[in-house]
Amino acid sequence: MTESLPDLSAVLGRHVTVLGSTGSIGASTLDVIRHARDIYGADAFPIEALTAQRNVARLAEQAKEFHPRAAAIADASLAPALKEALAGTGIEVMAGQEAVREMASRPAELVMAAIVGAAGLAPALAAVERGAVVALANKECVVAAGEVLRRALERSHAALIPVDSEHNAAFQLLEFGETEAIEKVTLTASGGPFHTWALERMAHATPEEATSHPNWRMGHKVSVDSATLMNKGLELIEAHILFDLPPQKLDVLVHPQSVVHCLVSYADGSVMAHMAAPDMRTPIAHALAWPRRMSSPSRRLDLAHIANLTFERPDGVRFPCLALAKACLQAGGPAPTILNAANEIAVEHFLARKIDFLGIARTVERTLDGLAREMNGGAPATLDGVLALDDAARKFARGVCIAAAA
Ligand code: NDP
């Protein structure tokens, strides 16, 4: 380590497990670690485990470069392919959903939770329960299981560092303290690819158009969520749970440049903003090095080049998913779990061209209406309770999608 560099040995020595390493956040995490090794030395962030669902080729390539102790593929039928690809490397190979959870239970000091959807819930909880530092990108697991996660965090004293850019920004801003003087926390939204589209045009939007995000390169599911603004709705619920903020103190502004990620307004009229170029490697580097700061390969912000920052209110008519999520945030209890499950199914059917773009909001709304009886209960307080409700909502939403496609 050269003398001019800060002594980051306490964080650089952390063993890291990346859940969902083959995805957009997973690959960016490994990119940040590759950069840290170039700058601080080859032994920065030793990798304990990497996991994927089906992408054997990418997982094997990552494993050969980063030499984890173990690699797991969730689709058990792909175990022979992964074993063959990693033969002779000494890397332990495991397969199946349970193996992914087992990877999260292994003693890495830091776990990057970057699986997409509620499938990431059990592994993320396993990491929280053993008291790891959990860098959490997987917002669906917070929305689906807020109460379960809150209780697990209380029991284990795990540190949860949000990776979602807006929540990572809020986390950094809230470190200034004076939380009782906060009047409002505003999350920004880019507006997505259909920001200026008329509703009639949105009705015919294709999966390719919905996943062409103007500012961010992301996985398909979160890209569609950005196009419907459901992403911002899920993020409001995520912020409510992570920062214990009441719904009336949470707000959204559309900010197409994606430079300001979060604003915190205080009782004295002050507003603190967090800015960074739209590059997920910045919040990932923050989470990996927390509570210190380290070098990251992310794009730097050039405000003179950007010149103008604009803000506007979201359009609730063209983006009904945001209103549905806000209603679930207000309702609390089981509503966010149902919302999340219905949305996952609706997005899956849209990506498979079985329902149209506006059908996503319709599916979510009908599922929330259809499960009115379940909506009367409290928020599920156990993992089994969350999974049962999630399953019921998925079945209902699937029925809605099949009826719409017929
Ligand atoms: P991707 O779709 O790019 O990657 C998802 C990862 O999860 C892949 O490694 C995938 O494996 C794995 N995976 C998918 N399903 C399963 C399963 N059933 N069991 C185990 N592993 C699974 O998603 P992103 O990286 O875009 O997003 C990950 C999470 O981060 C999401 O919750 C998203 O909302 C959140 N997020 C993402 C941002 C971004 O910029 N991408 C920004 C902020 C938050 P395989 O490759 O084999 O399919």
Side-chain angles (χ1 to χ4, degrees), residues 17-32 49-63 71-78 81-82 94-104 112-124 126 134-145 161-169 187-190 192 211 213-228 230-235 237-239 242 258 261 276-284 287 298 340 343-344 347-348 351 390 394:
T17 285
V18 185
L19 304 171
S21 63
T22 51
S24 158
I25 294 286
S28 294
T29 303
L30 293 177
D31 195 28
V32 171
L50 299 176
T51 81
Q53 185 186 25
R54 275 194 280 267
N55 195 341
V56 169
R58 196 164 198 199
L59 181 60
E61 187 191 320
Q62 293 176 335
I73 190 93
D75 183 335
S77 71
L78 295 169
L82 186 60
M94 293 185 69
Q97 287 291 346
E98 185 50 31
V100 174
R101 205 192 62 79
E102 140 79 11
M103 292 294 124
M112 170 60 71
I115 290 174
V116 61
L121 173 57
V134 180
L136 191 93
N138 178 206
K139 68 192 83 181
E140 294 91 348
C141 82
V142 184
V143 174
I161 319 299
V163 170
D164 225 339
S165 55
E166 300 78 1
H167 303 71
N168 182 268
L187 309 180
T188 59
S190 67
T211 52
H213 197 280
N215 303 343
W216 304 94
R217 298 274 76 82
M218 312 183 284
H220 283 168
K221 196 268 179 179
V222 63
S223 296
V224 176
D225 286 347
S226 293
T228 59
M230 178 60 92
N231 185 48
K232 218 42 57 179
L234 297 176
E235 288 181 9
I237 299 171
E238 184 185 9
L242 294 183
S258 298
H261 301 290
D279 185 333
M280 286 308 295
R281 293 173 298 179
T282 292
I284 289 169
S298 19
N340 179 67
N343 182 58
E344 284 194 32
V347 171
E348 199 178 290
L351 286 170
D390 175 270
R394 277 169 202 268

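All ligand and atom numbering here is 1-based and tracks the order in the structure.
Of the N and O atoms on the side chains of N215 and S258, at least one donor lies less than 3.5 Å from an acceptor on the other residue. Side-chain atoms of S223 and T211 include no donor-acceptor pair closer than 3.5 Å.
For the pair T29/S21, no side-chain contact is recorded, criterion being any heavy-atom separation below 4.5 Å from C-beta on. Within the 4.5 Å cutoff, no side-chain heavy atoms of V222 are placed close to those of H213.
Ligand 1 lies under 4.0 Å from heavy atoms of G20, S21, T22, G23, S24, I25, A52, Q53, R54, N55, A74, Q97, A114, I115, V116, A119, A137, N138, K139, E140, D164, M218, G219, V222, M280.
Salt bridge annotation for R58-E61: absent, with no cationic side-chain nitrogen under 4.0 angstrom from a carboxylate oxygen.
Atom-to-atom distance recorded for L19:CG and M112:CE is 9.5 Å, nearest 0.5 angstrom.
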